[in-house]
Each structure stands twice: as structure tokens, then as C-alpha cells.
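What follows is one structure encoded as C-alpha cells, with my remarks underneath.
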Amino acid sequence: NLNEISVLLSNDIAWDYFLAQNSKTLLERQLPENAVNLEKYILATDVYVDALGVLLQAAQQHKQSKLVDDFLAALEIRLVSLPSEQQAVYFAQAGGYLPLENGSNTLLARAEKLLAGLPKPELQLHTVLKLAVIYSKTGNIGIANSYFNKINTLLTPITDPDIQVQLRIAVARAYQEVNNTPVAVQWLNSTEPQIKQIKTDTLNELVIGYAQCNQWQTVLNVLTQIDAKTHYDLWLYQSVIASLKMGFIQNALELHKSLHDPIYRTLAAIAIADYSHATANELLASSEQFLNGQITATEKVIVASRLVEYYGKLKNTAKTEALITEVKNVLENLPASPEKDELLHIVMVQYMRGLQIQAASDLLIAIQSSAVKTRLNVEINQLADVGGLLK
């Protein structure tokens with residue numbers, strides 16, 4: 001499913017990881033302005049907040065008050081357009097990077113004020129959990145427990161099985177964040193009475209929830225039990241990605257072994273290689289072997305362009321150029337169509353994230369849709385700055 005893969009690759013956590021790691025490097029090189037400018041390109045808000053939090057912490061430690069103000073302003077710009085319930089969660093998350101005075105700081109106080117204005121328990125719970133986690137991580141166990149103790153009261157009035165399960169997954173993730181895996185698993189298991197009543201999307205979230213809580217074997221068990229044939233590879237791929245984001249590299253490798261669909265198995269292998277250089281050679285060898293097999297033109301283009309992203313970030317010019325040539329040869333033989341536009345979109349995003357801006361620009365002319373062409377042209381111009389920041 002081209003659209004499915006396009007969505008998965010557009011939300012590529014390996015890109016966020018790359019930017020966050022390089023932001024830290026720029027900070028170590030005493031280039032904080034470059035670091036914060038690079039972070040603007042991070043897609044996931046939670047990753048952005050953590051990356052900016054590292055900068056905030058460093059500026060505080062070195063008593064650089066102007067930088068602290070600049071970073072707080074950048075945080076404000078990113079968060080202020082979000083709904084209040086999301087703002088509250090992310091301000092609480094960022095608050096973990098500022099020192100506490102009398103058990104709080106300006107960001108945590110802001111989150112608590114936003115929390116007080118949220119009208120429904122399902123909106124409140126996410127912020128309550130984030131505050132519980134942050135206070136726990138900063139050693140304020142009494143305040144943390146006062147928030148953890150609100151969980152059951154907030155869950156009790158909720159009768160919708162989907163919302164009930166989604167919130168229990170969120171509770172489990174919060175306990176995982178404070179390294180209490182046994183309680184996290186109890187909360188995930190507590191969803192069992194609702195499993196037959198919930199929608200497919202919620203079931204997908206539950207599978208991913210087990211991956212986020214270090215339970216790779218349960219992911220496989222649940223996928224087997226629910227007879228998820230039509231979703232198996234997609235959900236399993238998402239579980240690999242969730243494991244990587246949580247830092248469970250070994251779990252990702254174990255889950256990867258059970259992927260059936262060659263395209264998902266190959267894309268997952270490249271994602272793991274992005275996170276774990278120790279396992280990269282073997283995984284990449286199998287990915288490149290896939291390119292030489294009996295595959296469709298679409299599969300070849302998707303995997304080759306994803307490898308361009310991987311090798312481009314490593315500045316491996318020989319590999320990158322060879323793959324770009326391979327993609328070009330395949331694309332030239334495909335007739336113009338909406339499907340080709342979608343494929344070109346995927347390729348260009350991978351090229352941009354592999355810092356191959358010229359190669360991405362060269363493909364613009366082949367796109368039929370003027371709307372897609374305009375959107376991608378804007379993205380190319382924006383991402384052209386990333387290479388400059390990394391020098």
C-alpha cells in the first residue's frame with residue numbers, strides 16, 4: 001500500500017533521531033544557535049521538547065540567561081498553536097529540564113495551570129501522567145504520587161471502551177517512563193475485558209503499547225491471538241519503530257525476525273541500522289540484497305531511496321550516488337500517473353533527509369500535480385538549510 005508506506009516514511013523517527021543527535025553535537029561544539037535552528041526540523045513534538053530541553057539545561061548550567069530566554073521562546077513558538085491539553089503535556093515535559101524551586105518551575109506551573117482549565121477527564125489524564133513522571137524523575141516522589149493517585153478517579157467516569165483502553169495504554173507508558181515495567185504491564189493487561197469491544201485502530205495502539213513497555217514477546221502473542229492477518233506486518237513494523245524510539249534495540253531485532261512482508265522487513269532493517277551501528281552491516285547487506293531480487297519497480301524505488309537517506313546522512317557519497325542513479329533509471333521507465341506522483345513524493349522526502357537536495361530538486365519536473373510540486377518545492381527550500389547547519 002503506497003499511501004500506507006508514504007505515511008510511515010513521512011513520520012520517520014530515524015530523521016528525528018539524527019537531528020536530535022546532531023543538535024547535541026552542535027551544542028558540544030559550542031554552537032547553540034545552530035543547535036536550536038536544527039531542532040526546528042524535528043517532526044515529533046515529544047522528540048523536539050526533549051532535544052530543546054537538553055539545550056535549556058546546558059544554558060542554565062552555564063548561566064547563559066539570554067540563551068535560556070531564546071530557547072524558551074522557541075518552545076513557546078512550537079507549542080502555542082497546539083490544543084491546550086497537548087500544550088499542558090509538553091510544557092510539563094519541558095519542565096523536567098529546568099531546576100525546581102520549592103518543588104516547581106515556570107514550565108511545570110504553566111502545565112498545572114493549563115491542566116486546571118481542561119474540561120474532561122480524558123483530556124486531563126495525559127497531563128496528570130506527564131506531571132507524575134516529571135516529578136518522579138526529579139525526585140519529588142510525594143508530588144509524583146499525588147498525581148499518580150488521581151489515575152483511577154479520572155478513569156472511573158469513562159464508559160467508552162476505546163477511550164478507556166487508550167488511556168490505560170497511556171498510564172502504562174507513564175509507569176514505563178519511571179522504570180516500573182511490572183506495573184506498566186499490569187495496566188496493559190487490564191485492557192483485556194475491552195478487547196472484543198474496541199476498534200481496530202485502538203487495538204493497533206495496544207500492540208504498539210506493549211512494544212513501548214519492553215514486551216516484544218507479548219506483541220507477537222497478541223498479533224497471533226487476534227488473527228491480525230490484514231494488519232500483521234504494518235502493526236509489527238510499527239512495533240519495531242516504537243521499540244527503537246524507546247531505546248529497546250534488542251526488542252526491535254527480535255520483532256524484525258517475525259516480519260513476513262519483504263518491503264516492511266527491509267524498511268525495518270534500515271531503521272534499526274539507523275539506531276544501532278553495531279548491527280548495521282548485516283541488516284544493510286540484506287536490504288541491498290532485496291534490491292537485487294524479483295521485486296516491483298515501486299518496491300525498488302522505495303527501498304533504494306530509503307537507503308539514500310541512510311547513506312546520505314553518513315556522507316557515503318559512492319553508495320548514495322549509485323542508489324540515486326538506480327532510482328533514476330527505474331523512474332524514467334514509469335509512465336506519468338497519480339501513483340507515480342506519490343512515489344516521487346516518497347523518493348524526494350527520503351533524498352531531502354539524506355541531504356541530497358539537488359537530487360530531490362531534479363525530480364520536481366517529473367511531478368504532474370502542481371499542488372504536490374509546490375509543496376515539495378517549499379520543503380526542499382526549507383531542508384536546504386539543514387546541510388549548512390551540520391557543517
Side-chain angles (χ1 to χ4, degrees), residues 2 5-19 21-22 41 43 237 241 244 262-277 279-293 295-334 340-367 372-373 375-377 379-391:
L2 200 56
I5 287 172
S6 178
V7 170
L8 292 173
L9 291 178
S10 293
N11 299 312
D12 181 6
I13 60 158
W15 172 244
D16 281 352
Y17 179 72
F18 170 76
L19 294 173
Q21 294 301 107
N22 276 280
Y41 301 97
L43 302 170
Y237 173 85
I241 299 304
L244 289 174
I263 187 84
Y264 280 113
R265 191 166 65 240
T266 305
L267 291 173
I270 302 167
I272 297 169
D274 259 314
Y275 268 73
S276 172
H277 294 302
T279 58
N281 289 342
E282 187 182 338
L283 290 165
L284 292 168
S286 68
S287 302
E288 290 175 27
Q289 197 175 342
F290 172 82
L291 285 177
N292 298 323
I295 58 174
T296 66
T298 298
E299 288 172 332
K300 193 179 194 79
V301 166
I302 289 169
V303 171
S305 63
R306 179 63 183 87
L307 284 166
V308 167
E309 179 191 336
Y310 178 85
Y311 285 118
K313 288 182 299 196
L314 292 177
K315 299 182 179 173
N316 186 330
T317 308
K319 286 272 191 189
T320 306
E321 288 179 355
L323 287 159
I324 287 171
T325 301
E326 200 166 345
V327 171
K328 184 183 176 186
N329 292 339
V330 177
L331 286 172
E332 282 175 350
N333 290 317
L334 294 177
K340 185 175 180 180
D341 272 8
E342 185 62 54
L343 192 56
L344 283 161
H345 183 197
I346 291 172
V347 171
M348 288 173 69
V349 169
Q350 304 317 301
Y351 281 9
M352 287 185 269
R353 292 179 185 169
L355 309 177
Q356 305 303 304
I357 303 300
Q358 188 56 54
S361 296
D362 291 345
L363 292 177
L364 268 178
I365 195 169
I367 291 180
V372 173
K373 191 177 289 191
R375 189 171 79 243
L376 283 167
N377 198 29
E379 284 185 44
I380 287 169
N381 289 332
Q382 287 173 338
L383 285 182
D385 294 336
V386 172
L389 292 167
L390 292 173
K391 283 176 184 170

(message) Do I346 and L2 make a side-chain contact, defined as non-hydrogen atoms from C-beta onward lying under 4.5 Å apart?
(response) yes

(message) If I take atom CD1 from residue I380 and atom CD1 from residue I357, how far apart are they, to the nearest 0.5 angstrom?
(response) 7.0 Å

(message) Apply side-chain contact (heavy atoms from CB on, under 4.5 Å) to residues V347 and V327 and explain how you reach the verdict.
(response) CA-CA 9 Å; V347 171; V327 171; 4.1 Å; yes

(request) Compare every heavy atom of R306 with every heavy atom of A271, then report the nearest pair and how far apart it is. (result) CA-NH2, 3.9 Å

(request) Over all heavy atoms of both residues, which pair between T266 and V303 is shortest? Give the atoms and the distance, please. (result) CG2-CG1, 3.6 Å

(request) Considering non-hydrogen atoms only, spot the tightest contact between L334 and A297 and give its length. (result) CD2-CB, 4.0 Å

(request) Let me know which of V386, T320, V308 forms a side-chain contact (heavy atoms from CB on, under 4.5 Å) with L355. (result) V386

(request) To the nearest 0.5 angstrom, please state how far the CD1 atom of I324 sits from the CD atom of Q356. (result) 4.5 Å

(request) Take L307 and L291 through the test side-chain contact (heavy atoms from CB on, under 4.5 Å) and record every step on the way to the result. (result) CA-CA 10 Å; L307 284 166; L291 285 177; 3.8 Å; yes

(message) Within this structure, what is the OH-CG distance for the pair Y310 and L323, rounded to the nearest 0.5 Å?
(response) 12.5 Å

(request) List the steps, then state whether side-chain contact (heavy atoms from CB on, under 4.5 Å) holds for I302 with L267. (result) CA-CA 9 Å; I302 289 169; L267 291 173; 4.2 Å; yes

(message) Quick check for you: to the nearest 0.5 Å, what is the distance between K328 atom NZ and D362 atom CG?
(response) 7.5 Å

(message) Quick check: closest heavy atoms across H345 and L376, and the distance to 0.1 Å?
(response) CD2-CD2, 3.3 Å

(message) Quick check on K340: does its NZ atom have over 12 non-hydrogen neighbours (other residues, nucleotides or ligands) under 6.0 Å away?
(response) yes

(request) Go through the side-chain N and O atoms of N292 and E288 and say whether any donor and acceptor fall under 3.5 Å apart. (result) no

(request) Might you point out which heavy atoms bring Y17 and Y275 nearest each other, and give the distance in Å? (result) CB-OH, 3.4 Å

(request) Verify the distance criterion only: is there a donor paired with an acceptor across the side chains of E342 and S6 at less than 3.5 Å? (result) yes

(request) Working to the nearest 0.5 Å, report the span between CD of E309 and CG of D12. (result) 4.5 Å

(request) Give the ring-plane orientation class for Y237 versus Y264, where under 30° counts as parallel, over 60° as perpendicular and anything between as tilted. (result) tilted

(message) One thing to verify: whether K313 and D274 come together as a salt bridge, which I'm taking to mean a side-chain N less than 4.0 angstrom from a carboxylate O.
(response) yes

(message) Which heavy atom of L364 sits nearest to which heavy atom of K373, and what is that distance?
(response) O-CE, 3.3 Å

